[in-house]
Every structure is written in structure tokens, then in C-alpha cells.
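So the structure is just underneath, and the comments pick up after that.
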Amino acid sequence: MNQAISMSDAPPLRDGAHTDGTAGACAAPFESGSDSPGDGCAGTMAQHLCVIRSNEWVNDEYKHMVVSAPAAALAARPGQFFHLECPSGQRGTAYLRRPMSVYRIEPADGRIEFLYKVQGVGTQGLSEMVAGDTLNALGPLGHGFALPDACDHVLLLARGVGLATLAPLAGHAVAAGARVTAVLSARSRALVMSEAYLREVGAHAHIVLDDDRSSDLVPLEAKLRVLHGSNPFSFLATCGSNRMLALLQRLGAEWCVPGQVAIEQLMGCGIGACHACVRPFRAEGDVGRRSYRRVCWDGPVFDIQETLPW
Amino acid sequence: MNQAISMSDAPPLRDGAHTDGTAGACAAPFESGSDSPGDGCAGTMAQHLCVIRSNEWVNDEYKHMVVSAPAAALAARPGQFFHLECPSGQRGTAYLRRPMSVYRIEPADGRIEFLYKVQGVGTQGLSEMVAGDTLNALGPLGHGFALPDACDHVLLLARGVGLATLAPLAGHAVAAGARVTAVLSARSRALVMSEAYLREVGAHAHIVLDDDRSSDLVPLEAKLRVLHGSNPFSFLATCGSNRMLALLQRLGAEWCVPGQVAIEQLMGCGIGACHACVRPFRAEGDVGRRSYRRVCWDGPVFDIQETLPW
Amino acid sequence: MVDLSVNLGSLTLANPVMPASGTFAEGNAQFFDLNRLGAIVTKTITDDIRDGVPPPRVAEFRDATLFSIGIPSKGGDYYLKETVPFYRRYSPPLIASISANTIEEFGTLAGKLAGSGVAAIEANVSCPNLKKDGKAFGMDAEATHQVVCAMKSASGLPIWPKMTPNAGNVVEVALAAEEAGAEALVVSNAILAMAIDVETFRPRVANMMGGLTGAATKPIMLRIAYQCAQAVQIPVIGCGGIASGADALEFMLAGCTAIQVGTANFISPTAMPSVIDELTAFCERRGISALRSLIGAMRPHEPIPLQQGGAPL
Amino acid sequence: MVDLSVNLGSLTLANPVMPASGTFAEGNAQFFDLNRLGAIVTKTITDDIRDGVPPPRVAEFRDATLFSIGIPSKGGDYYLKETVPFYRRYSPPLIASISANTIEEFGTLAGKLAGSGVAAIEANVSCPNLKKDGKAFGMDAEATHQVVCAMKSASGLPIWPKMTPNAGNVVEVALAAEEAGAEALVVSNAILAMAIDVETFRPRVANMMGGLTGAATKPIMLRIAYQCAQAVQIPVIGCGGIASGADALEFMLAGCTAIQVGTANFISPTAMPSVIDELTAFCERRGISALRSLIGAMRPHEPIPLQQGGAPL
Ligand SMILES: Cc1cc2nc3c(=O)[nH]c(=O)nc-3n(C[C@H](O)[C@H](O)[C@H](O)COP(=O)(O)OP(=O)(O)OC[C@H]3O[C@@H](n4cnc5c(N)ncnc54)[C@H](O)[C@@H]3O)c2cc1C
Ligand SMILES: Cc1cc2nc3c(=O)[nH]c(=O)nc-3n(C[C@H](O)[C@H](O)[C@H](O)COP(=O)(O)OP(=O)(O)OC[C@H]3O[C@@H](n4cnc5c(N)ncnc54)[C@H](O)[C@@H]3O)c2cc1C
Ligand SMILES: Cc1cc2nc3c(=O)[nH]c(=O)nc-3n(C[C@H](O)[C@H](O)[C@H](O)COP(=O)(O)O)c2cc1C
Ligand SMILES: Cc1cc2nc3c(=O)[nH]c(=O)nc-3n(C[C@H](O)[C@H](O)[C@H](O)COP(=O)(O)O)c2cc1C
Ligand code: FES
Ligand code: FES
């Protein structure tokens with residue numbers, strides 16, 4: 001396995017030579033629906049050997065992994081993901097890789113972060129990794145979020161682990177000059193993550209919870225209407241809940257505001273070859289026709305109106 | 001898996017209540033060649049959960065594992081073995097159990113020891129276990145060594161890991177009133193193990209090495225003839241080398257001295273069910289006829305003259 | 001109290017769990033009370049005495065084993081004299097498994113077992129190691145039909161032929177066996193396979209080919225059990241890669257009435273009582289009063305036509 | 001310098017390593033130089049445009065995967081317009097894989113590919129997801145014969161039919177394919193299998209059944225490849241569970257001339273160049289100058305008669 005494996009350049013850049021994460025990278029490496037790799041990003045996708053810096057619990061269910069990543073991996077954009085080789089753990093060895101969104105990219109620090117829920121065999125294996133271990137990360141893969149040209153106010157509506165996918169868009173949108181409002185939905189206060197990180201990058205974070213029913217659809221819709229009323233959204237992004245997706249589709253259509261959603265699906269290859277990761281989508285411009293698209297290659301970020309709640 | 005699993009009684013007996021390893025146990029739990037369990041040992045075979053006390057390297061290839069074992073496991077006799085569930089290790093997970101001879105049994109201390117060579121996936125998994133871990137050991141299994149009634153002088157001829165199997169017979173034979181001469185054959189001095197342990201239990205240990213060619217068959221035969229000349233052997237036991245087995249068969253026949261050999265074979269069940277572990281043997285009293293016997297159930301200790309070198 | 005009992009033709013078993021032939025022997029009685037089993041199935045015997053094939057007889061993979069044993073047998077007389085009395089001390093019905101070289105010999109050996117206390121006979125027409133013109137009986141619907149007829153008329157006992165997964169037409173063979181009057185089907189025996197040691201260039205089992213068994217084969221074995229259960233009216237006994245209550249359930253959901261545990265017995269001699277305990281625990285957790293209500297309870301995915309009009313998918 | 005080249009009928013490949021159809025696509029070109037491959041095999045296409053089956057399309061086991069994809073296809077025209085030009089930028093021969101509903105359609109699509117730059121066509125007569133009277137072409141020697149004839153006469157290209165391991169009579173099908181003029185055989189496609197989620201009672205892939213692939217299937221696939229290689233004179237391309245140089249060697253020792261890597265590409269997109277490097281390293285270590293000298297070099301165990309006279313066993 002000595003092909004196209006890049007090693008993290010140690011030591012990571014810590015100051016000087018500040019590389020902007022956006023420079024040279026592209027949000028949409030390949031044209032959606034096409035099989036041919038575009039020219040723009042050719043060569044950035046690779047198996048990267050990343051050295052773990054830390055891998056800590058953030059609450060009872062989620063862990064936060066920080067790795068040193070080589071330059072090509074640092075070209076990852078918000079919404080893109082890595083396909084991770086999971087080491088053997090207490091529940092055994094995962095046969096296939098596991099997809100994981102980039103939760104934070106800090107090119108200046110040579111650092112990528114993941115936020116993940118420990119679920120089954122693969123994430124259990126990841127959870128047992130310790131500082132100094134090497135993570136084989138294939139990527140960056142897929143299409144990230146694409147903000148519209150004129151973008152004043154971005155809504156991030158995240159549920160549960162969907163936050164891991166949306167979080168990096170906050171800083172990215174702020175850097176692009178937009179105001180960012182993040183609405184975080186969780187079962188309970190203890191499960192709300194990243195509020196501080198979002199505020200740090202300049203987003204306005206609101207919390208809605210199952211505990212006090214503020215996450216129910218009716219109060220949530222009311223809250224979004226108020227937010228939109230006081231400062232109209234120009235882009236809606238969501239991840240992690242089917243019901244929230246349906247709500248944003250409705251509101252987006254009513255307000256004529258575009259949006260995107262990041263979707264999950266079980267994956268085989270992660271690079272468009274196996275067609276295992278499809279979901280049905282509405283054909284562009286033809287609401288009656290559906291077709292399958294590959295989450296790994298045509299997504300995982302899709303137009304909010306073309307996506308079918310499942 | 002809550003059936004017939006016995007737990008090590010913690011804390012292990014350290015003094016007082018000295019239980020002699022021989023009391024109540026039987027060297028030959030089931031009649032050779034029979035399928036029906038004898039009555040003598042019914043119930044001693046079980047899956048024992050043994051707590052690891054230590055697991056250290058003795059040289060570059062071998063590790064020495066000491067475990068606290070429950071009473072039924074302590075009934076193991078020299079030559080018997082345990083079928084070990086090997087945990088996942090760096091080379092993966094062994095699907096089947098792995099057979100391992102008892103290297104030392106100390107009932108008074110509630111302790112069993114194994115001496116093993118780290119070879120493949122299973123022994124790699126064993127080698128990664130640490131003090132406090134739990135070893136699932138199925139046994140004691142098979143027929144151990146059976147010393148003849150009148151037994152003045154026992155020869156133990158061991159090569160490599162064969163020593164692990166023969167070692168406990170030394171103390172056992174000494175306790176039974178015999179003089180014990182152990183001849184240990186190894187590639188080099190560094191690979192000779194257990195010299196001290198054998199001396200401690202009262203055996204006379206001789207070393208022969210590949211390094212100085214003292215382990216070659218001609219000098220070895222000469223040495224054995226000298227030893228036999230000065231103090232005739234009444235029982236020959238060997239393990240670990242085909243050429244040494246053939247030599248002892250010849251000398252045993254010439255001297256009219258009985259003997260036994262412990263044999264290895266790849267195993268499935270370890271309890272006589274699958275017939276995977278057979279080797280061909282000469283039928284008793286009929287040198288021309290061969291038949292397969294199960295190493296796990298009819299052995300692993302066999303009459304030296306009935307055994308076919310392979 | 002969960003009712004675990006199932007009906008297999010004329011037999012009612014206290015629970016659906018039994019050993020797979022050849023993976024269980026007298027020694028297992030040391031590890032748990034055999035009275036806990038639904039039935040006891042013994043290793044296949046032939047009437048003649050056989051040694052089996054030379055070692056090495058086993059090779060191991062990450063989640064499967066390759067065994068080539070070759071049906072060593074002490075013969076029918078030894079079986080009647082020693083094996084039957086040993087197991088008759090236990091209450092679960094005793095199921096003999098037999099193999100033979102010809103249809104007639106299948107009948108003769110079955111006849112010999114009649115009246116011995118054996119409750120049913122498995123017909124091992126599928127063993128990949130026994131060769132007859134290079135083709136096992138179980139690869140051939142007509143031959144299987146004849147074996148079942150011969151055994152049934154000679155013994156009067158319930159006959160359970162055991163399917164071979166190597167046949168491309170297992171369903172045809174199953175239907176032929178049903179037509180011949182089989183009371184149940186065992187689905188399936190081991191899958192013919194091989195492995196080569198790339199350092200020595202030698203096959204990893206001396207017989208070159210052996211039967212692949214264990215966890216890794218389960219999805220294939222489940223598919224074949226499902227296909228047979230769909231096709232026949234008689235009960236199907238699932239076998240192949242079952243090591244846990246969940247595995248057993250998977251076969252029952254696919255339509256099997258009972259199940260056999262094979263290679264898992266080697267990994268833990270108490271695998272079968274554990275499977276029974278796990279089945280009970282599952283039923284309790286899910287509030288299921290009779291395990292048999294789960295037989296065939298798999299729910300296929302609703303068809304999702306892609307090119308639908310405006311309706312939500 | 002180790003000579004890795006092999007001859008497959010009229011084609012000579014620089015080395016025996018190529019992707020298995022459906023496990024490799026344009027995206028893989030990002031990970032290594034495709035010029036390193038022995039050949040490039042593309043995903044099966046049909047001439048009509050197909051969506052494939054609904055998700056979930058994959059289930060995973062400890063050492064295998066169950067995929068049910070259903071041959072989504074953008075059709076023959078797209079293939080000629082987009083896929084062929086993409087891969088013609090690389091030097092290894094391009095092998096198309098096609099499937100169809102009828103013998104005639106197999107011929108028509110093969111004819112369409114003639115002169116396009118495709119060097120040979122794999123006939124996917126074995127896909128377990130495509131149903132025709134519930135029976136794949138590849139289960140039937142006669143149908144396979146006709147498919148090969150139709151494709152050959154329509155295209156004039158070398159035809160490589162791909163065997164299905166679900167057929168009990170693979171050797172018969174292989175012989176029929178050889179007789180029809182196939183230049184090589186690919187052995188084999190995925191094994192039909194299923195799995196059920198015992199909590200939801202739902203099949204784990206929406207299509208209920210899928211193809212079991214990956215490491216765990218290797219001993220079965222190796223056995224079938226060996227059986228075919230023994231029976232036919234034309235070269236056999238081994239496929240099934242190959243992930244390393246040692247796996248590839250195992251198939252070559254069993255008589256295969258070349259090999260395909262499938263599921264292992266998902267685990268590492270650089271699996272194929274690694275296999276090539278490992279084959280080279282093996283030959284260097286063992287002093288083998290031409291890899292092809294290992295084809296069929298397995299040495300069976302010498303027969304060891306048990307009941308021999310006085311001679312040592
Ligand atoms: C593009 C993408 C980005 C993702 N990003 C993140 C992330 O940033 N943080 C995070 O915690 N999770 C993320 N996921 C989900 C993550 O991939 C799964 O949780 C993980 O694969 C589970 O693996 P496992 O072996 O632990 O669980 P398994 O034992 O495989 O399964 C446990 C449960 O998780 C479900 N599951 C398994 N794989 C997936 C999958 N690929 N997508 C959705 N559900 C799955 C199974 O259906 C099952 O219910 C992402 C998924 C995708 C497709
Ligand atoms: C009754 C008995 C007692 C034994 N006692 C000891 C002991 O006290 N100390 C010790 O170090 N070893 C002992 N062995 C050998 C030990 O069982 C094997 O070394 C072990 O199973 C190898 O497992 P592995 O997974 O590490 O190697 P694998 O990856 O399975 O194989 C590595 C190599 O070991 C060989 N091997 C594997 N299993 C066996 C086996 N059962 N017998 C012989 N060779 C095998 C393989 O053929 C291969 O060459 C004993 C074997 C038997 C049958
Ligand atoms: C060592 C061994 C011996 C076997 N012997 C027989 C046999 O004598 N008769 C038979 O019908 N099946 C025999 N089988 C097949 C099993 O009964 C069973 O069908 C197969 O192992 C699949 O189940 P499993 O995956 O649970 O092991 C044997 C299997 C193994 C592993
Ligand atoms: C996701 C997936 C898609 C496949 N698609 C095809 C296909 O289109 N045509 C084909 O002939 N085989 C197809 N196969 C089968 C493979 O080509 C190969 O025969 C099989 O996977 C066994 O090899 P492996 O164990 O190395 O994966 C597919 C396999 C997988 C896993
Ligand atoms: S995971 Fe293979 S195409 Fe998406
Ligand atoms: S290992 Fe099963 S009979 Fe010996």
C-alpha cells in the first residue's frame with residue numbers, strides 16, 4: 001500500500017506560512033452526476049496517513065478526534081468527508097471504511113478534526129485510538145457546501161451529529177462576509193456540542209431541546225420565521241434530521257431561499273465506483289421524476305429542494 | 001456462555017490447604033480410542049475463566065504466562081492441555097481456539113503456567129494479554145503421561161517448545177520417587193529454557209545445542225547411551241522433534257524400555273468431536289496396520305512405539 | 001415463560017436447537033446438560049468401517065474454517081451398541097445421520113437403525129468429501145428422491161435429507177425430497193472450498209478440497225435455507241454459521257422451524273445452551289410468547305418504484 | 001527484473017492484475033497510475049438506461065460484504081461517448097462488461113462496441129441481481145453458449161464470459177463457453193446471499209438478496225476457479241476475495257492465468273498496485289524469473305494410503 005499515500009508533514013505548520021484553507025481547493029471537485037473527475041482537484045484525493053493528536057470524549061456518546069494532516073488533506077472543504085480505515089477494537093474489525101465529515105479544518109495548524117458518535121464496530125475502533133496512532137484517511141471526498149455568490153445571512157440547522165458536518169461551514173461563511181445563525185437541536189443540554197466553537201468563529205448559536213420541547217417542529221418553525229423576519233436568510237443549510245429537512249424545504253420554497261443538505265448513507269467505496277450509497281432524488285426541474293444519486297460522489301451535499309426526505 | 005464456565009476463586013490459595021496436583025485427578029480421563037467419557041474425571045473439563053497474573057517474554061520467541069485457575073483446572077496432569085480462546089491481537093482474531101500444554105501446575109498457589117512460542121494470529125493475541133485480563137481456557141483436555149508402576153529413572157528428551165509439555169512431568173516423576181534426567185535440545189544457548197525450573201524440582205538437566213553440534217543425532221545417541229549405561233532408564237518421554245522420536249523408538253526397542261511421546265496437530269474442537277486432529281498410528285501389536293487416532297482425545301500423549309514419525 | 005417448542009413433522013421438540021452432524025460428540029456431555037437440547041444429531045456413519053482422509057484436515061480463516069474429514073466411521077453395529085445407548089440416557093430425540101455408497105446401502109443402514117430408539121434419520125446426501133462418480137447424491141434431485149424413498153420404506157422412521165449448498169438447483173432437490181416423503185429438510189451442509197499454502201504450494205487440507213463452515217458462510221446458507229423454505233411445505237432446519245441467538249433467529253425469520261449449530265460448538269462447547277438462553281431472552285424482551293410465531297416472519301422491504309408520479313417515495 | 005506478463009488468448013498483459021467489474025470507476029484514477037494495471041475492466045453496462053435497485057444496497061460482515069446494486073447503467077451510447085475515451089488515455093487493454101435481457105440483445109450491444117477501442121468484452125451472464133425467469137444465463141450451459149456465440153459473431157472481439165458460483169454445474173457451463181469460442185473465462189461473480197436484521201425483521205439489503213463478496217468467499221471462489229481451470233484449455237481469470245499478492249498467487253497456483261480484484265478496491269483504492277508489487281517481491285524472494293511459471297504449480301499432497309504394509313507412511 002505504498003501508492004498515493006501521503007504522510008503528514010511533521011512538524012505541522014504552526015505559524016508563518018499561513019495557508020488559507022480555501023486557496024487552491026474547490027468546493028465541488030467533480031461535476032455532480034458525472035463520472036469523470038474534473039481537472040481542478042485532481043490529485044488531492046489520496047490515502048492520507050494522519051497522526052492522532054488527541055481523541056477525547058465530549059459527552060457520553062461523542063468523541064472528538066484531532067489529527068495532523070498532510071497538505072492535500074487540508075484542502076478539504078466544509079461538507080466534504082474522509083473515508084476512514086477503522087482499526088480493530090473491542091467489537092472487532094470493520095471490513096469496510098467509515099465515512100466521516102470534516103468537523104474542523106485548520107490549515108495553518110496542519111490540523112483536521114472529526115466529531116463522531118460511537119455506534120458500532122467501526123466507530124468503536126476509532127474511539128480506541130490514542131495520540132500518536134496513525135489514521136488512514138481517504139479523501140477529501142465528495143462535494144462540499146457551495147454558498148451562493150451574494151450571501152448575507154446563512155442558516156445552519158443541525159440535529160445531533162449533523163452538527164459535525166455543518167460546523168465548518170460557519171467559519172467559512174463568516175470568512176466570506178456572511179452573518180451566520182446556527183440553530184442546534186439535541187435531545188438534552190448535555191448533548192449540545194460546539195456552541196463555543198461556533199461562537200468563536202463568529203456565528204450566532206441558538207439551542208433547541210427535546211427536553212423542553214423547544215425542538216418540536218411548531219416552535220422551531222416559529223423561531224425560524226422570527227429569525228428570517230428580522231434578518232432574511234440568503235442560504236439554508238441543514239444536516240441530521242429528516243423532519244428538519246422537510247421543514248426547510250417548505251420554508252425555503254415559501255421564502256424563495258436556496259439551500260443545501262448533507263445526507264448520509266451506508267457506503268462501500270466512497271469514490272463513486274460501487275453505487276452502494278444511492279438515495280432517490282427529484283430530477284432537477286422535473287418534480288415527478290426521481291433518480292438515484294450517489295451520496296459519496298454526487299453529494300454528500302445536495303440541493304435542498306431536490307432531496308427527498310426518507 | 002454462562003454454562004460450565006468456572007471462575008478462578010480469588011484470592012488464590014497461597015498457603016495452608018495444600019492440594020496435591022495428583023489427588024483426585026486422573027492421568028487418563030477417558031480410555032484411549034473410546035468415545036465415551038470415563039466416569040473418573042467427569043465434570044473437570046470446562047471453560048475456565050483464568051485471571052492472568054503475568055505474561056512475560058523469556059527470550060525473543062517465547063512467552064511465559066502465569067494464570068490463577070479454579071480448582072477443576074488445577075486437576076490438570078503433565079501432558080494434558082488447555083484449548084485457549086485467543087483474544088484479538090495485532091494480527092487479527094483467531095477463529096478457533098489454540099491448544100497449549102500445561103507447563104507448570106501449582107495447585108497450592110492456585111496457579112497454572114504456559115510457555116508458548118509466538119507464531120501466528122492466535123499466539124500473537126495471547127502475547128498481548130496483560131495481568132488482570134481473563135483467559136478462557138477449555139480443559140484440562142486429553143491424556144497426560146502415565147509413568148509405569150516401577151519407575152526408577154525417567155528420561156525427558158525435549159526439543160524447542162516440546163519442553164513446555166515435558167517440564168511438568170519432571171516434578172511429577174520426582175514426587176513419584178524417580179530420578180529424572182532431562183536432555184534439552186535447542187538451536188542456541190539463548191533459546192534453552194527452564195533449566196533452573198527443572199533443577200529446582202530435582203531433575204538433572206543436560207543441554208545439547210545446534211550451535212556446537214552437540215544436538216546432532218550421533219553425539220546425542222552417544223550421550224543417551226552413556227546415561228543409560230550408568231543408570232538405566234525405566235521410562236522415556238519426548239516431545240518436539242521427529243528425529244528425536246525416531247531415535248528414542250530405536251533405543252527404547254533395543255533397551256526394552258517403554259516410553260511415551262506428546263504429539264501436536266492442528267485442532268478443531270479439542271474434545272474429540274471433529275476428527276480434525278488425527279495422525280496415523282501403528283495398531284497395538286500389529287505393526288503392519290495403521291489407523292488414525294485423535295491427538296486431542298486419544299492423546300496428545302501416545303505410546304512411543306505405536307507413534308509414526310511424520 | 002416463553003414457549004420455545006417447535007414441531008418437526010411427527011416430532012415436537014422442546015426448543016429448536018440441535019447440533020449439526022459431525023460437530024458434536026460424547027465429550028460435549030461434559031460441558032452442559034444435554035437434556036437442554038431440542039434434539040441430538042450424531043456424526044454421520046456409514047455401515048462399513050472407514051478411516052477418513054489423511055491430515056491436515058483443517059485450515060482456518062478469519063471467520064470460517066475449512067474441514068476435510070472424510071466421514072471416518074466405526075460402522076452401524078458400533079453405533080447401535082455404543083452410541084445409541086449413550087445418548088438414550090438423555091431425553092431429547094436422537095437423530096442419526098447416515099451416508100452410503102448406493103441407494104440400496106442407504107436403505108439397508110436405515111433399516112438397521114429402525115427400532116433402536118433413533119427418532120429420525122438425517123440423510124447425508126451432501127457430504128462434499130464422499131464421491132460417487134464425482135457427484136454427490138444431493139446434487140441430483142432424482143438420486144435424492146430415491147435415497148429418501150429407500151430409507152423411509154426400510155426404516156419407517158422420519159427421514160430428514162440434508163441439502164448440499166453446492167447444488168445450483170437446491171430448490172429442485174428439496175422439492176424432490178419432499179415428494180419422496182421427507183418429514184423435514186436440513187439446509188445445508190458445508191460449502192465445497194479449497195485453500196493453498198503459497199509458500200509450500202500445497203493445498204491446506206490434504207484432501208485438497210474440504211467444506212467451508214462457520215460464521216462467514218451464514219449469508220449464503222441463509223439464502224439457501226430461505227429458498228428452500230419458500231418452496232416446500234415441510235419444515236426446514238436451518239444450518240450454517242449459527243453461533244448465537246440472533247443467528248438462529250435470522251434463520252427462523254427466513255422460514256426455518258429449527259436450527260443446527262456446527263462449527264460454533266468448537267469455539268465454545270456451550271454454544272448451544274447459550275443460543276437457547278439468547279432466544280428466550282429475545283422473546284422476553286420483545287414480549288413474544290411463542291418463539292414459533294417468528295418462523296417466516298421476515299418483512300421484505302416494500303417495493304419502492306423509482307419512477308413514480310408525484311407521490312412521496 | 002521479474003517478468004509479470006501473461007497471455008490471455010490473443011491479448012498479452014503486462015501483468016495479471018485487473019479490477020473486477022463494478023468495483024472500479026473513473027475516480028480510482030486519482031489514486032494511482034492506471035497504466036500500472038494488466039487490464040482495465042469497467043462496470044457492467046446494459047444498452048438500456050437502468051436505475052438499479054433501491055437502497056439499502058450494502059450490508060457488511062466481519063470479512064465479507066453483501067451488495068445488491070442491480071446494474072444501474074447509463075446505456076451503450078454513454079459508454080462509447082464517455083467511458084471508452086476516458087480509459088483509452090491509458091495503455092492497458094480496456095475490457096467492457098455487458099449484460100442484457102436476451103441472447104439477441106447481448107449480440108447487439110457487443111456489436112455496438114466493436115471498433116470502439118475495447119480490447120475484449122466480459123459477458124456478465126452471472127449477475128445474481130438480474131433475473132430472467134428467475135434464472136441467470138450463467139446457470140445454464142446452453143444459454144451461456146448462445147450468449148458467447150452471439151457476442152463473438154456480432155463483435156469479432158475476444159469474449160470472456162464470467163461464471164456464476166451459484167451454478168452447481170459451473171464446469172459444464174465453462175466447457176460450453178469454451179466450445180462457443182470464449183477466449184478466456186472470468187471465475188467467478190459474487191455468490192447469492194442474504195441477511196436479515198433481527199431487530200426490524202427486514203432484509204439487510206432492500207433487494208432481499210445480494211452478492212456476497214470479499215475475503216471470506218475466497219476458499220469457495222478458489223475451488224471453483226480450480227475446477228474450471230482443470231476442465232478447460234482456455235485461460236481462466238480468477239476472481240473472488242483477492243486482496244493481496246498472496247491471494248493472487250493462490251489463484252495462479254490453482255491454474256489461473258490472471259486475476260481480478262473486487263471488494264478490496266473499496267478497502268484501499270491502491271489495492272491493485274500493491275498486489276502487483278507483492279507479486280514482484282514474491283518472485284524476487286523465491287528467485288522466480290517469470291511469474292507465469294507459477295500458473296497451475298500447486299502440488300497436491302502425495303496420496304498416503306493408511307492401510308499400507310510395513311513401509312513407512
Ligand atoms: C458523508 C457522511 C458523513 C458522516 N459524518 C459523520 C460525522 O461527522 N460524525 C458521525 O458521528 N457520523 C458521521 N457519519 C455516519 C458514520 O459514517 C456512521 O455512524 C458510521 O459509519 C457507523 O459505523 P459503525 O461501524 O460504528 O456502525 P455500524 O456497526 O456499521 O452500524 C451502526 C449503526 O450506524 C448506521 N450506519 C453505519 N454506517 C452508516 C453511514 N455511512 N451513514 C449513516 N449511518 C450509518 C448503521 O445503519 C447502524 O444503525 C457520516 C456518514 C456519511 C455518509
Ligand atoms: C496438544 C498440544 C499442545 C501444545 N502445546 C504448546 C505449548 O505448550 N507451547 C507452544 O508454544 N505451542 C504448543 N502447541 C502448539 C500451538 O498450539 C501452536 O503453536 C498454536 O496453535 C499456533 O497458533 P497461531 O495462531 O499462533 O499460529 P497459526 O497462525 O495458526 O499458525 C502458525 C504456524 O503454527 C502451526 N500450528 C498452528 N496450530 C498448531 C497446532 N495445534 N499444533 C502444531 N502446530 C500448529 C501452523 O501450521 C503454522 O505453521 C501445542 C499444540 C498441541 C496440539
Ligand atoms: C468437522 C466437521 C465435520 C462434519 N461432519 C459432518 C458429517 O459427518 N455429516 C454431515 O452431515 N455434516 C457434517 N458437517 C457439516 C455440519 O453438520 C454443518 O452442516 C456445517 O458445518 C455448516 O454448519 P456450521 O457453519 O454451523 O458449521 C461437518 C462439519 C464440520 C465442521
Ligand atoms: C458493489 C459491487 C458491484 C459489482 N458489480 C458488478 C458488475 O456490474 N458486473 C459484474 O460482472 N460483477 C460485478 N460485481 C462482482 C465483482 O466483479 C466480483 O466478481 C465479485 O465482487 C467477487 O470479487 P471480490 O470478492 O474480489 O469482490 C460487483 C461486485 C460488487 C461488490
Ligand atoms: S460508496 Fe461506492 S459509489 Fe458511493
Ligand atoms: S480437535 Fe476435534 S477431534 Fe481432535
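Naming: A, B, ... by sequence-line order, numbering from 1 per chain. Keep in mind it's a predicted model, so treat the numbers as computed, not measured.
- To the nearest 0.5 Å, the span separating NE2 on A:His83 from OG on D:Ser268 amounts to 11.5 Å.
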For a quick test of your reading: what N or O donor-acceptor pairs under 3.5 Å do the side chains of residues 259-270 of chain A make, sequence neighbours left out?
{"residue": "A:Gln260", "atom": "OE1", "partner": "A:Ala146", "partner atom": "N", "Å": "2.8"}
{"residue": "A:Gln265", "atom": "NE2", "partner": "A:Val278", "partner atom": "O", "Å": "3.0"}

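- For D:Ala59, no part lies under 4.5 angstrom from a heavy atom of chain A.
- With a threshold of 4.5 angstrom between heavy atoms, D:Pro19 does not approach chain A through any atom at all.
- With a 4.5 Å cut-off on non-hydrogen atoms, A:Ile271 touches chain D through its backbone and its side chain both.
- Of the listed residues (D:Gly214, D:Gly22, D:Pro72, D:Pro269), the one with the most heavy-atom contacts under 4.5 Å to chain A is D:Pro269.
- Around atom CZ of A:Arg187, no more than 12 heavy atoms belonging to other residues, nucleotides or ligands sit under 6.0 Å away.
- Put simply, of A:Gly92, A:Cys277, A:Ala273, the one with the most heavy-atom pairs under 4.5 Å next to chain D is A:Ala273.
- In this structure, A:Tyr95 and D:Phe61 approach most closely via the heavy-atom pair CB-O, 3.6 Å.
- D:Asp51 and A:Tyr292 make their closest contact through O-CD1, 3.3 Å (heavy atoms, listed as atom of the first residue, atom of the second, distance).
- Minimum interatomic distance between D:Ile69 and A:Cys274 (heavy atoms only, all atoms of both residues): CD1-O, 3.2 Å.
- With a 4.5 Å cut-off on non-hydrogen atoms, D:Thr23 touches chain A through its backbone but not through its side chain.
- Contacts between A:Arg98 and chain D at a heavy-atom distance below 4.5 Å involve the side chain alone, from C-beta outward.
- With a 4.5 Å cut-off on non-hydrogen atoms, D:Asn265 does not touch chain A at all.
- A donor-acceptor pair under 3.5 Å is formed between the side chain of D:Arg57 and the backbone N or O of A:His275.
- Distance check: D:Asp63 CG to A:Thr93 OG1 gives 8.5 Å after rounding to the nearest 0.5 Å.
- The nearest pair of heavy atoms linking D:Gln30 to A:Met45 is CG-CE, 3.4 Å.
- Rounding to the nearest 0.5 angstrom, the gap separating the CD1 atom in D:Ile267 from the CZ atom in A:Arg97 is 9.0 Å.
- Across all their heavy atoms, D:Ala25 and A:Gly272 have their closest contact at CB-O, 4.2 Å.
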